[in-house]
Enquirer: 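Pasting a structure here, questions to come.
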Amino acid sequence: MGQMSKHTTKDAATFFTARNYISLSATFIIGVFVGSQALKSFGLGNALSGTVTAAPAMDVAPHVPAAVSDDWKTRKYYPKDLSKHFGIHHIDQLEIPAELQPYVDAHDVTTDKQYVDNMDLYQNYARVFGPFLDKLSKGNNDERLYVKWTGDEKKFGVFTNAYIPAYGFVVEYSGLLINSSRSTDYEWHYHSELVDNDGNAMPLGIDSQFVGNIARFVNHDDKPNTDSIYVPWKNTWRIVYVATKNIYPGEELTVSYGPNYWQSRDRLKVPSTDSDE
Ligand SMILES: C[S@@+](CC[C@H](N)C(=O)[O-])C[C@H]1O[C@@H](n2cnc3c(N)ncnc32)[C@H](O)[C@@H]1O
């Protein structure tokens, strides 16, 4: 995630009623297909590589749904369930707290070195993925993706009900823009050159531990089927998960958190007090 930072890194809404599910799904699939073709024609496919980073990690209590029932390890959780079962306030898009908004407004992301050095790439990202950030963000009735228990090691993960073609938009990593890392498992580095009142660079992250969307449940894999990229959109950097290969219904979505994430976890391990170690 950007980098999941635990500072690196790490949709849609009134999306589906039973009646409009099929047509909206079709719209989405056509959308990602068009997007993926556009990306291919831009030759961006190979450019979808670890540009986002996650923040260093800290162990947190395993996510046991707040409302535990007998089927909690087998059922599917949709965005509308996140509040009741995980205590998460669902938001579709990056949320900027009022106290940080003036700093965001005072800065032009197209002057960031990362943008200037890769202008063609980021202009294309904005052109292809930007519209998804607006059009797919309509509330918490999206049923394309769901959360399900994967096992004791990884806990919950995210799966797809829809076919997602390679290079297609998967989901935005929503959350709160923060300027003080809490080093949770749910924070990506926010990619920017914002400065505070003294002109010092502000260390920013996107934190989705308690306020965010389904993307916060996407697990790490060394050979993931999505990539996290930064998309400059409406003067903010948005983190988007993009498919790196065709993803079929029932598959788990995965992303690389980046090396910092796991290194920081290792550092945080409490030394064993066992006498034989
Ligand atoms: C962003 S959360 C992903 C959602 C998490 N599985 C949950 O149930 O809330 C990141 C945490 O999930 C777990 N995790 C993710 N990918 C993993 C993997 N490949 N192997 C082991 N644990 C993993 C780790 O505890 C990690 O710190």
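When a ligand or atom number is given, it counts from 1 through the structure's own listing order.
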Enquirer: Would you say Asp185 has any N or O atom under 3.5 Å from an N or O of ligand 1, going by distance alone?
Expert: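 Yes - when backbone and side-chain N and O of Asp185 are compared with those of ligand 1, one distance drops under 3.5 Å.
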
Enquirer: In terms of atom number and element, which parts of ligand 1 are under 4.0 angstrom from non-hydrogen atoms of Tyr261?
Expert: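 Result: 10 (C), 11 (C), 26 (C), 27 (O).
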
Enquirer: Determine whether the aromatic ring centres of residues Phe86 and Tyr77 are separated by less than 6.0 angstrom.
Expert: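 So the answer is yes for these two rings.
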
Enquirer: Could you work out, for atom 14 (N) of ligand 1, the closest of Asp152, Asn219, Val255 by heavy-atom distance?
Expert: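 Nearest option to atom 14 (N) of ligand 1, by heavy atoms: Asn219.
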
Enquirer: At less than 4.0 angstrom from any non-hydrogen atom of Arg216, what atoms of ligand 1 do you find?
Expert: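 Heavy-atom distances to Arg216 below 4.0 Å select 1 (C), 2 (S), 3 (C), 4 (C).
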
Enquirer: Would you say the side-chain atoms of Tyr122 and Gln114 include a donor-acceptor pair closer than 3.5 Å?
Expert: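 Checked: Tyr122/Gln114 side chains pair up, N/O donor to acceptor below 3.5 Å.
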
Enquirer: Would you check the N or O atoms of Lys155, main chain and side chain alike, for any that come under 3.5 Å of an N or O of ligand 1?
Expert: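 There is no such contact.
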
Enquirer: Ion pair present between Lys73 and Asp152, side-chain N to carboxylate O less than 4.0 angstrom?
Expert: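 Salt bridge: yes.
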
Enquirer: Would you mind running through ligand 1 and noting each atom that sits below 4.0 Å from a heavy atom of His220?
Expert: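 Result: 15 (C), 16 (N), 18 (C), 19 (N).
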
Enquirer: Would you kindly say whether His107 and Asp112 are connected by a side-chain donor-acceptor distance under 3.5 Å?
Expert: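 Yes - a donor-acceptor pair under 3.5 Å links their side chains.
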
Enquirer: Between Asp117 and Lys113, is there a side-chain N and carboxylate O pair less than 4.0 Å apart?
Expert: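 Yes, charged N to carboxylate O under 4.0 Å.
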
Enquirer: Pairing donors with acceptors under 3.5 angstrom, does anything connect the side chains of Asn197 and Tyr103?
Expert: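 Side-chain D/A pair, Asn197 to Tyr103: present.
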
Enquirer: Could you tell me whether Val218 approaches ligand 1 through its side chain, its backbone, both or neither, with non-hydrogen atoms closer than 4.0 Å?
Expert: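 Only the backbone of Val218 comes within reach of ligand 1.
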
